[in-house]
Number of protein chains: 2
Amino acid sequence: MNTYTELLRIHHLKATPQRLEIAYALDKYGHLSIEALYELLRNKFNSISLATIYKNINIMIENAFIQEVKIPHTKSVYELTKETHAHLVCEQCNQVIDIQLDLNPLSKNISESSHFQIKTANLIFSGLCQVCQK
Amino acid sequence: MNTYTELLRIHHLKATPQRLEIAYALDKYGHLSIEALYELLRNKFNSISLATIYKNINIMIENAFIQEVKIPHTKSVYELTKETHAHLVCEQCNQVIDIQLDLNPLSKNISESSHFQIKTANLIFSGLCQVCQK
DNA sequence: CTCTGTGCAAAGCGTTTGCAAACGA
DNA sequence: TCGTTTGCAAACGCTTTGCACAGAG
């Protein structure tokens, strides 16, 4: 039993070949759109359906195996759930980069001053990656 | 000529009654979904079309008169463009609150350490508002 | 007067659903 | 074997488009 099978199990998901491939692809590429995932999986499964992608993405989100990243001005991408981090999004090549960033102190400050109970923070920086700056 | 007419002019938008009402509604309520906007405008214009809402929202975004706020797990809302700020979103009542927050120092830090040229930052805190905590 | 915006209906497109067959445990 | 998942096709819902008329400047 490989790592992805275990990972799926932990999140109460049966390990089908399609799901294993989704997990593998997200692990390898970090962030993928529905469309990109579909294209990737088509290389493995000649007759895979978009419906299968959607059904799996949805159940994987429900089970906290993956997360949706909503990006300004572009379509969403999906990533394996991992510890909280921020995203850098290149407006030119659409690359998405994770950066470690502890927002807890800031959240705490705001919670205290606004009486709003903060559970999660979502931070996206948009701009140009090193390559696209040239 | 009222304020909203001027505001629209500044963004190179003709001041039609429908647009004036959109501007007024966003100014008054802060953040509105397409659907909410449609319901509000229907009170003023008995035969307004959803297509008109969409066309105006789109051109207003293009002309930087308004901005879309993409919220995790819910539909987008729209707001008048103003200086950079973060959002508090209540997961229970879906209320959206603006908070002033200067992310420039943080952006600068990240830009320098990551060689990524940051243009804009987008920060959303999700949780429970004061009322919904009870 | 001219060009843009509006409302309506139809088209478009991404996403979801229902179902029979295939499959995982 | 039993319950879940897959793939297909159809349905769905949100958004966009084309067009004729109305309205802003």
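Per chain, numbering begins at 1; letters A, B, ... match sequence-line order. None of the values given here were measured: they were computed from a predicted structure.
Across residues 35-45 of chain A, not one residue has a non-hydrogen atom less than 4.0 Å from an atom of DNA chain C. The stretch residues 61-79 of chain A has no heavy atom under 4.0 Å from DNA chain C, so no residue of it qualifies as close. In the region residues 15-30 of chain A, proximity to DNA chain C at under 4.0 angstrom, judged on heavy atoms, holds for A:A15, A:P17.
Within the structure, salt bridge (charged side-chain N to carboxylate O under 4.0 Å, His left out) contacts touching residues 48-66 of chain B (residues at least two apart or in different chains) do not occur. Residue pairs that meet the salt bridge (charged side-chain N to carboxylate O under 4.0 Å, His left out) test with at least one member in residues 90-109 of chain B, sequence neighbours left out, are A:K119-B:E91, B:K82-B:D98. For residues 34-54 of chain B, the pairs satisfying salt bridge (charged side-chain N to carboxylate O under 4.0 Å, His left out) are B:E21-B:K44, B:E35-B:K75, B:E39-B:R42, with sequence neighbours left out.
Atom NE2 in A:H12 sits about 14 Å away from atom P in D:dT4, given to the nearest Å. The separation between B:I59 atom CD1 and D:dT16 atom P is 13 Å, rounded to whole Å. Look at CD1 on A:I48: it is 14 Å from C1' on C:dA22, rounded to the nearest Å.
Using a 4.0 Å heavy-atom criterion, one finds that B:T52 contacts the bases of the nucleic acid, with or without backbone contacts as well.
Look at B:N56 and you'll find a side-chain N or O under 4.0 angstrom from OP1 or OP2 of C:dT6.
Hydrophobic cluster of B:L101: the remaining members, joined at side-chain heavy-atom separations below 4.5 Å, are A:L88, A:I97, A:I99, A:L101, A:L103, A:L106, A:I110, A:F116, A:I118, A:L123, A:F125, B:L88, B:I97, B:I99, B:L103, B:L106, B:I110, B:F116, B:I118, B:L123, B:F125, listed by chain and number. Side-chain contacts under 4.5 Å among hydrophobic residues (ILVMFWY), followed directly or transitively, place A:V96 together with A:V69, A:I71, A:V77, A:V89, A:I124.
In this structure, of C:dA25, D:dG25, C:dC8, it is C:dC8 that holds the atom nearest to the side chain of B:S49.
Residues meeting the side-chain hydrogen bond (donor to acceptor under 3.5 Å, both in side chains) test with A:S76, sequence neighbours left out: A:E68. Remark: A:Y78 pairs with no residue by the side-chain hydrogen bond (donor to acceptor under 3.5 Å, both in side chains) rule, at least two apart or across chains.
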Collect all protein-nucleotide pairs involving nucleotides 16-18 of chain C in which both atoms are nitrogen or oxygen and the distance is under 3.5 Å.
| residue | atom | partner | partner atom | Å |
| --- | --- | --- | --- | --- |
| C:dT16 | OP2 | A:N58 | ND2 | 3.0 |
| C:dG18 | O6 | A:K55 | NZ | 3.0 |

Can you give me the N/O atom pairs linking the protein to nucleotides 10-13 of chain D at distances under 3.5 Å, or say none if there are none?
none

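Between the side chains of A:H87 and A:E79, a donor-acceptor pair is found at a separation under 3.5 Å. Looking only at atom types and distance, the side chain of A:H85 has no donor-acceptor partner in the side chain of A:Q100 under 3.5 Å away.
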